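First comes the structure, then the notes that go with it.
Only a predicted model underlies this, so the values are computations on that prediction, with no experimental measurement involved.
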Amino acid sequence: MFPGATDEHEAADTADTSARADANFVVVGAPLDVSTTFQPGTRFGPRQLRTFAEPFDDYDHRTDQYFSDLGVLDHGDVRAWDDVPAYLEWLEGTLRDIVWDDAVPLTLGGEHTVSLAGVRAVEPEVVVSLDAHLDLRADYDGNPLSHASVMRRVLEDVDSVEELVVLGARAGSEAEWDRAAEDDVTVVPPESIADWDTTEWVDGRETYLSVDIDAADPGYAPGTGTTEPFGLEPRELRDVVRAVAPQATGFDIVEVNDRDDGQAASLGAKLLREFVYEHAAERLS
């Protein structure tokens with residue numbers, strides 16, 4: 001269970017039928033680890049994120065809120081299997097139920113492919129992706145559902161999405177950069193993050209926020225599948241999450257694995273909490 005959240009299954013066992021009805025946020029683990037191209041291990045991401053959130057204080061001084069008071073429910077993991085289309089459909093249904101219950105789904109990946117299920121469930125107008133990579137390949141090694149193709153699938157398969165904003169990107173194939181030059185994609189490199197005006201892109205439009213932990217410089221988050229130097233500082237990631245959270249109706253943190261001493265998971269879990277605090281402060285107060 002994510003620390004500070006209520007265990008949905010435990011609540012059901014105690015006949016607390018109001019647990020989902022009262023939830024503002026629902027954590028869902030999505031431990032998919034099928035198409036990782038370098039260092040696998042994202043199947044352990046949900047566990048890592050929950051574990052390394054343990055030492056965080058419940059109280060947030062900046063927003064004067066307690067995490068445990070904000071209506072966060074942990075649904076547990078949606079067990080992954082190797083039929084990716086079927087898995088994404090099942091995960092989408094789980095997340096869509098959360099949206100229909102007027103709560104915000106918080107997905108713990110798992111490889112970045114799981115974001116497609118999240119976007120399908122939320123049906124936003126804008127997707128903001130913090131990522132070292134463009135993820136705009138038509139396919140990778142013939143696989144159109146590779147983690148390297150997830151944002152291409154979002155643009156092509158989710159009718160509601162009008163625009164993709166990729167923040168922190170510093171790697172991609174020539175074909176991906178050509179696709180990124182089209183009108184429905186905006187790329188903000190790491191050196192320009194401080195100047196990115198959130199209000200220009202997301203204010204007034206329903207938004208989905210996806211955080212691939214490799215957006216951070218690998219010195220801060222080595223526990224990920226495809227590290228890419230010259231990345232973002234943790235505070236830059238935090239500032240983006242805080243800026244986008246009030247408009248976001250879906251969130252995920254993906255590509256965390258178990259190949260470090262918890263740095264990536266600690267950063268990812270903290271960003272999730274920052275999202276919850278900021279969204280709650282702006283939308284629930």
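Glu125 contributes a side-chain N or O that, together with a main-chain N or O of Glu206, makes up a donor-acceptor pair within less than 3.5 Å. Between the side chain of Ser160 and the backbone N or O of Pro124, at least one donor-acceptor pair lies under 3.5 Å. Between the side chain of Gln247 and the backbone N or O of Thr207 there is no donor-acceptor pair closer than 3.5 Å. Under a 3.5 Å cut-off, the side chain of Asp139 and the backbone N or O of Pro144 do not form any donor-acceptor pair. At least one donor-acceptor pair under 3.5 Å links the side chain of Glu176 to the backbone N or O of Asp135. Checked by atom type and distance alone, the side chain of Thr186 never pairs as donor or acceptor with a backbone atom of Val165 at under 3.5 Å. Without hydrogens or angle criteria, Asn257 side chain to Thr224 main chain gives a donor-acceptor distance under 3.5 Å. Arg283 places a side-chain N or O within donor-acceptor distance of the main-chain N or O of Pro246, the cut-off being under 3.5 Å. In this structure a side-chain-to-backbone donor-acceptor pair under 3.5 Å is missing from Arg79 to Asp77. Judged by distance alone, the side chain of Arg259 and the main-chain N or O of Pro40 form a donor-acceptor pair under 3.5 Å.
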- Val276 vs Asn24, side-chain contact (heavy atoms from CB on, under 4.5 Å): CA-CA, chis, key distance, verdict: CA-CA 9 Å; Val276 169; Asn24 296 313; over 6 Å; no

- Run the numbers on Leu272 and Leu49 for side-chain contact (heavy atoms from CB on, under 4.5 Å), then give the verdict. CA-CA 9 Å; Leu272 182 147; Leu49 288 158; over 6 Å; no

- Evaluation steps, side-chain contact (heavy atoms from CB on, under 4.5 Å), between Val26 and Asp101: CA-CA 10 Å; Val26 181; Asp101 286 335; over 6 Å; no

- side-chain contact (heavy atoms from CB on, under 4.5 Å) between Arg205 and Glu163: does it pass, once the steps are laid out? CA-CA 10 Å; Arg205 294 199 288 177; Glu163 189 160 14; 3.1 Å; yes

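The aromatic rings of Phe275 and Phe25 stand perpendicular to each other, their planes meeting at an angle above 60°, with 30° marking the opposite boundary. Under the 30°/60° scheme for interplanar angles, the aromatic rings of Tyr59 and Tyr66 are found to be tilted.
Partners of Arg47 according to the salt bridge (charged side-chain N to carboxylate O under 4.0 Å, His left out) rule, which considers only residues two or more places apart in sequence or in another chain, do not exist here. For Asp97, there are no salt bridge (charged side-chain N to carboxylate O under 4.0 Å, His left out) partners, not counting sequence neighbours. The side-chain contact (heavy atoms from CB on, under 4.5 Å) search around Val185 returns Leu136, Leu155, Leu164, Arg179, Ala180, Val187, not counting sequence neighbours. Legend: residues meeting salt bridge (charged side-chain N to carboxylate O under 4.0 Å, His left out) with Glu228, ordered by chain and number and at least two apart, are absent. For Asp252, the side chain to side chain donor-acceptor pair (under 3.5 Å) criterion is met by Ser115, Tyr208, Ser210, not counting sequence neighbours.
One finds the CG atom of Asp183 at 13.0 Å from the CD atom of Glu162 (value rounded to the nearest 0.5 Å). Here the straight-line distance linking atom CZ of Phe38 with atom OG1 of Thr226 works out to 7.5 Å at 0.5 Å rounding. Of the inter-residue distances, the one linking Asp60 atom CG with Phe67 atom CZ reads 10.5 Å to the nearest 0.5 angstrom. Here the straight-line distance linking atom CZ of Arg235 with atom CZ of Arg242 works out to 10.5 Å at 0.5 Å rounding. Between the CG atom in Leu167 and the CG atom in Leu209 there is a gap of 8.5 Å [rounded to 0.5 Å]. A distance of 9.5 Å separates CG in Asp22 from OG1 in Thr6, rounded to the nearest 0.5 Å.
Salt bridge Glu156/Arg153: present, at least one basic N to carboxylate O contact under 4.0 Å. By the 4.0 Å N-to-carboxylate-O rule, Arg96 lies too far from Glu89 to be salt-bridged with it. Ion pairing between Glu274 and Arg62 holds under the 4.0 Å rule for side-chain N and carboxylate O.
Taken together through direct or relayed side-chain contacts under 4.5 Å among Ile, Leu, Val, Met, Phe, Trp and Tyr, Ile98 and Leu116 form part of one hydrophobic cluster. Under a hydrophobic clustering in which Ile, Leu, Val, Met, Phe, Trp and Tyr are joined whenever their side-chain heavy atoms come within less than 4.5 Å, directly or via other members, Leu271 and Val28 fall into different clusters. In the hydrophobic clustering of this structure, Val150 does not group with Val211; members are Ile, Leu, Val, Met, Phe, Trp, Tyr whose side-chain heavy atoms approach within less than 4.5 Å, directly or through other members. One hydrophobic cluster, built from ILVMFWY side chains closer than 4.5 Å, holds both Val78 and Leu32. Ile213 and Tyr220 fall into different hydrophobic clusters, defined by Ile, Leu, Val, Met, Phe, Trp and Tyr side-chain heavy atoms under 4.5 Å apart, directly or through other members.
The nearest pair of heavy atoms linking Ala221 to Leu267 is CB-CD2, 4.4 Å. Leu88 and Ala117 get closest at one heavy-atom pair: O-CB, 3.6 Å. In terms of heavy atoms, Thr113 sits closest to Ser35 at OG1-OG, 3.9 Å. Across Ala121 and Leu95, no two heavy atoms sit closer than the pair CB-CB, 3.7 Å. Nearest heavy-atom pair, Val34 versus Glu111, reported as atom, atom and distance to 0.1 Å: N-OE1, 2.7 Å. The two residues Tyr87 and Ala30 come nearest to each other via the heavy atoms OH-CA, 3.3 Å.
Looking only at atom types and distance, the side chain of Asp212 has no donor-acceptor partner in the side chain of His133 under 3.5 Å away. Glu8 and His75 share a side-chain donor-acceptor pair at under 3.5 Å.
When side chains are defined from C-beta on, Pro85 counts as touching Leu145, because their heavy atoms get closer than 4.5 Å. Within the 4.5 Å cutoff, no side-chain heavy atoms of Lys270 are placed close to those of Pro234.
Identified under the salt bridge (Lys or Arg N to Asp or Glu O under 4.0 Å) test for residues 30-46, with sequence neighbours left out: Asp33-Arg43.
Residue Asp261 qualifies as open at atom CG: its count of foreign heavy atoms under 6.0 Å is 12 or below. By the 6.0 Å contact criterion, CD on Glu174 is open, its count of non-hydrogen atoms from other residues, nucleotides or ligands being 12 or less. Sparse packing is recorded around CG of Asp159, with 12 or fewer heavy atoms of other residues, nucleotides or ligands lying under 6.0 Å away.
For the pair Arg273 and Phe56, the NZ or CZ position fails the cation-pi test of under 6.0 Å to the six-membered ring centre and within 45 degrees of the ring normal.
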